[in-house]
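Worksheet for the structure shown next.
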Amino acid sequence: MSEEESNDDAGEQMRQQGGIKTMPFILANDFCDRFATIGFNANLITYLTAEMHLPLVEASNTLTNFHGAANLTPIVGGLIADSFAGRFWTIAAGSVAYQLGMVGLTVSALIPGLRPPPCSGEAVTVGGQACQRATPWQLLVLYLSLLCTSVGTGGTRPCVMAFGADQFELGKPRRWRGETGAPRWSFFNLYFFGVELAKLVAVTAVVYIQENVGWGWGLGVPTIAMLAAVTAFVAGYPLYVKMAPGGSPLTRLAQVAVAAFRKRNVAVPDDPGLLYDDEELDAGVSTTGRLLHTNQLTFFDRAAVVTDGDVEGGGGARPWRLSTVHRVEELKSIIRMLPIWGAGILLVTSASHNHSFTIQQARTMDRRVTASLEIPPASMLIFSNVAMLATLALYDRALVPRLRRLTGLPAGITHLQRTGVGLAISTASNAVAAVVEGRRRRTAASHGLLDKPGATVPMSVFWMAPQYAIHGAADAFMDVGRMEFLYDQAPEGMRSTAAALYWLTMSAGSYMGTLLVTAVHERTRGKGEWLQDNLNRGRLDRYYWLVVTLQVINVVYFVVCAKLYTPKKLETVDEVSTGEKNDIVDDHKSAGKRDEKGSDVKDVELQPLLISDVTLT
């Protein structure tokens, strides 16, 4: 076979890989993954209090700590994927680990010896009854199973979105070209739409099974769904574009920092074209274009200043002494993103009670839909899911075209503006929650129920629907906006790591939620305790108002950070001819000027990848 025929076959194989045909496998995996995760997590507070007999505050902190661990491991998984394993194998390994955790949880729910006996008359009071608390051995089995699921999410969460985007962006980054035709879905909108659909099914079907059939089946169904997720993902192996890992991103960042520190007394040249460049060295981490020099954080430019001893005998750079402009700008990009990223921590903290206190609130209220049908407390999340689905659907189809005409921006508004709108809406959600809880407590007092926590307060649970719906609408702005921002503004070779930053926000926010609940509980103990098992005697509304105050401060912080943020500058290479690319770098093995004449320089926020930009094959 000739070399030309071999190249043709390779090219044909590349054309057969990737594209929208891979989406059923990738999205089916994530759909089943989220179905399993939410199917358990949505009602975990009930499992901990009603089945394991833990006090409310301890159960709430256990829940937020678990969420913190589950959202901390993705930073490790993202680094593993970007460094050596690649996204496909990281997702596959994570899915298997998650499957093992779900099996452990199901077994613990089925075997009576792994749960405390039903309430009979022992130490801990739950719902007005004295109940025997779970033993350390029983809690150990539960926590080990939760640990396995946390390890599993470390492999799936940071990679699924980036892996899905890889199927469209290999070698030809797509940008908006001014079309004004039918509204189109962005990839991230499609992804989050699928996630919310999975959540909707979970908080209806799975929670109903848990409340009315039993926890064995209630956990068994998500376990079976997770097995289907692993099978669906592996089945699509031949169709996937599998981007080769570009080496450890942390190593590259550390090399820049060390090199800059070593040269801290070296003067930076006024002409950035004199800084070190090596197109061949950067090829593996800049297939869609190299990062251009920026005038911020100039201390790190010293890492690209060539001094004696920086170059080896063969002409190659010593990586711990000399870095290219592209690698220096990778570090700068990550540092510039951190203040924006930090605003998401308090956002997660403010929403951490949605899976704990609000569910316990709903349990005390009148949950009748009809005379014979009650809505499970955890299923109140339906209103959040439906609101987010509706907002995502309307956003691209109705809102973006109108905003595009007003602003002239391809996506209507920038990712940061979208996130800011979501932050403001989320603040309103907690304000409504505080008002509703105040009314619920007054209703309980007027009917003499303050000391009857097990009694039903004569107030419809659907009073809580607006706060859930507002929160869902806020998520449609915040979650998609934050993920698009992280993906677009992260260096190309660090996108799994950037996606992991999204989940690291969730982790830090969950742990801060635990800290906030613990601090409030300790601070108010003995003098009108805000958070207690008897919500009718507590002052949960005051806790919500505290959260609203923190959110207002966070919105102001975010606006300031967004105003000061400078997007990365990207020299795209997809439209540069071979001859032009040869002109971009003069003597790329040594310091020299980068000629920007033939490059397409982007110094504005990149636009989201759109499904209609993809050629179906």
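Residue numbers count from 1 along this sequence.
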Checklist entry - Is the NZ or CZ atom of Arg264 both under 6.0 Å from the centre of the six-membered ring of Phe261 and within 45° of that ring's axis? => result yes
Item to check | Charged N-O contact under 4.0 Å between Lys263 and Asp301 | outcome: no
Next on the checklist: When you measure from the side chain of Thr427 to the backbone of Leu423, do you find a donor-acceptor pair of N or O atoms at a distance under 3.5 Å?
Outcome noted: yes
Checklist entry - Just checking, Arg418 and Tyr395: is the charged tip under 6.0 Å from the six-membered ring centre and within 45° of the axis? => result yes
Checklist entry - Less than 4.5 Å apart, any side-chain heavy atom of Leu347 and any of Phe558? => result no
Checklist entry - Is there a donor-acceptor pair closer than 3.5 Å between any side-chain N or O of Tyr557 and the backbone N or O of Pro339? => result yes
Checklist entry - Any donor and acceptor pair, going by atom type alone, linking the side chain of Gln489 with main-chain N or O of Lys568 inside 3.5 Å? => result yes
Checklist entry - Quick check: does any side chain N or O of Tyr240 sit under 3.5 Å from a backbone N or O of Phe163, one acting as donor and the other as acceptor? => result no
Item to check | Backbone N/O of Leu515 and side chain of Thr518: donor-acceptor pair under 3.5 Å | outcome: no
Checklist outcome for this item: When every non-hydrogen atom of Ala562 is compared with those of Ile340, the smallest separation belongs to N-CD1, 3.7 Å
Checklist entry - Has Trp320 got more than 12 heavy atoms of other residues, nucleotides or ligands less than 6.0 Å from its CH2? => result yes
Checklist entry - What orientation do Phe485 and Tyr565 show, parallel under 30°, tilted 30 to 60°, or perpendicular over 60°? => result perpendicular
Checklist entry - Is a donor on one side and an acceptor on the other found under 3.5 Å between the side chain of Glu329 and the backbone of Thr294? => result yes
